A.B. asks: 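Can you keep this structure in mind? I'll have questions shortly.
Since the model is a prediction, treat every value here as computed from it, not as a measurement.
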Amino acid sequence: MSAVMDSVPISLEEAAWVDGASAMQTLWRIVLPLMKPGLVVVFIFVFTGAWGNFVVPFVLTFDSMKQPAAVAIYNFFGMYGTIAYGKLAAFSILYSTPVLVLYAVMQKVSGNSFALAGAVKG
């Protein structure tokens, strides 16, 4: 995220200040729109990390009704190597759908990744 923040030229902020924008106006109207693709990537990484977290919920939740989906998949693997393949496949498709939908939505939200192209001379 720091590389995305560093890629926003300070000269754009200074130009906004010269034009009479306050620091908050500069942040909302210039800096955040330029950082949007980086923010989207960080959001996707954080969401998928939290969505796929297995160890902490597996250790801390004892009630099967309160377990997240990542732990519920583990229940399809039975004793002595028996696996409920049909239920596992169906649940895996349902489990991966929110991440795929999030990716598609964020692809539209992030917009053009070349937002800084031509913004600063040199």
Side-chain angles (χ1 to χ4, degrees):
M1 194 63 209
S2 66
V4 174
M5 288 185 213
D6 291 341
S7 70
V8 177
I10 191 71
S11 59
L12 290 177
E13 296 177 50
E14 291 171 347
W17 295 333
V18 168
D19 289 340
S22 68
M24 287 306 292
Q25 287 175 331
T26 303
L27 177 70
W28 284 104
R29 293 184 180 174
I30 294 180
V31 176
L32 284 179
L34 294 175
M35 290 176 49
K36 192 174 10 175
L39 291 171
V40 166
V41 168
V42 169
F43 179 76
I44 289 174
F45 280 144
V46 169
F47 178 79
T48 55
W51 183 255
N53 192 4
F54 175 79
V55 176
V56 174
F58 181 70
V59 172
L60 295 179
T61 56
F62 300 110
D63 186 14
S64 63
M65 297 303 291
K66 294 182 181 178
Q67 290 178 341
V71 179
I73 287 178
Y74 182 72
N75 295 330
F76 293 120
F77 297 94
M79 298 285 292
Y80 309 112
T82 59
I83 301 171
Y85 286 110
K87 292 179 182 179
L88 178 63
F91 193 80
S92 297
I93 289 172
L94 290 175
Y95 179 68
S96 62
T97 301
V99 176
L100 295 174
V101 168
L102 174 71
Y103 176 76
V105 168
M106 289 300 162
Q107 188 75 15
K108 296 289 183 187
V109 169
S110 68
N112 189 2
S113 62
F114 300 107
L116 289 176
V120 179
K121 184 178 180 181

A.B. asks: Decide yes or no on side chain to side chain contact (heavy atoms under 4.5 Å, CB included) for Leu102 and Val105, but give the supporting numbers first.
C.D. replies: CA-CA 5 Å; Leu102 174 71; Val105 168; 5.6 Å; no
A.B. asks: Is it true that Tyr85 and Phe77 fall in one hydrophobic cluster, defined by side-chain heavy atoms closer than 4.5 Å?
C.D. replies: yes
A.B. asks: Can you spot which of Thr48, Val42, Ile44 makes a side chain to side chain contact (heavy atoms under 4.5 Å, CB included) with Val46?
C.D. replies: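 One option only clears the test, and that one is Val42.
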A.B. asks: Which heavy atom in Tyr95 sits nearest to a heavy atom in Ala70, and how many Å separate them?
C.D. replies: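 Result for this residue pair: OH-CB, 3.4 Å.
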A.B. asks: Step through the shown structure and confirm whether more than 12 heavy atoms of other residues, nucleotides or ligands are within 6.0 Å of OH on Tyr103.
C.D. replies: no
A.B. asks: Would a 4.5 Å heavy-atom cut-off, applied to side chains only, mark Leu34 and Val4 as touching?
C.D. replies: no
A.B. asks: Kindly compute the distance separating CD (Gln67) from CZ (Phe58), expressed to the nearest 0.5 Å.
C.D. replies: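 With rounding to 0.5 Å, CD (Gln67) is 7.5 Å from CZ (Phe58).
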A.B. asks: Start with the C-alpha gap between Val31 and Met35, add the side-chain angles, then the distance that decides, and say whether side chain to side chain contact (heavy atoms under 4.5 Å, CB included) holds.
C.D. replies: CA-CA 6 Å; Val31 176; Met35 290 176 49; 3.6 Å; yes
A.B. asks: Step by step, work out the side chain to side chain contact (heavy atoms under 4.5 Å, CB included) result for Phe76 and Ile83.
C.D. replies: CA-CA 6 Å; Phe76 293 120; Ile83 301 171; 5.5 Å; no
A.B. asks: Identify the heavy atoms of Pro68 and Pro57 that sit nearest to each other, and give their distance.
C.D. replies: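 Scanning both residues, the minimum pair turns out to be CG-CB, 3.4 Å.
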A.B. asks: In terms of hydrophobic clusters joined by side-chain contacts under 4.5 Å, are Val41 and Leu32 together?
C.D. replies: no
A.B. asks: In the single-linkage hydrophobic clustering (I, L, V, M, F, W, Y; side-chain heavy atoms under 4.5 Å), do Val101 and Phe91 co-cluster?
C.D. replies: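 Looking at the clustering, Phe91 is in the same group as Val101.
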A.B. asks: List, one per line, each side-chain donor-acceptor pair under 3.5 Å for residues 15-24, sequence neighbours excluded.
C.D. replies:
residue, atom, partner, partner atom, Å
Trp17, NE1, Thr26, OG1, 3.1
Ser22, OG, Gln25, N, 3.3

A.B. asks: Which pairs, with at least one residue in residues 27-47 and sequence neighbours excluded, count as a ring-ring contact (aromatic ring centres under 6.0 Å, His included)?
C.D. replies: Phe47-Trp51
A.B. asks: How long is the gap from OG1 on Thr61 to NZ on Lys66, to the nearest 0.5 Å?
C.D. replies: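 Answer for the OG1-NZ pair, Thr61 versus Lys66, is 9.5 Å.
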A.B. asks: Are Phe54 and Ile73 close enough that some pair of their side-chain heavy atoms sits under 4.5 Å apart?
C.D. replies: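 A side-chain contact under 4.5 Å is absent here.
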A.B. asks: Can you check whether Leu39 reaches Met1 side chain to side chain, under 4.5 Å on heavy atoms?
C.D. replies: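 Counting from C-beta outward, Leu39 and Met1 do come under 4.5 Å.
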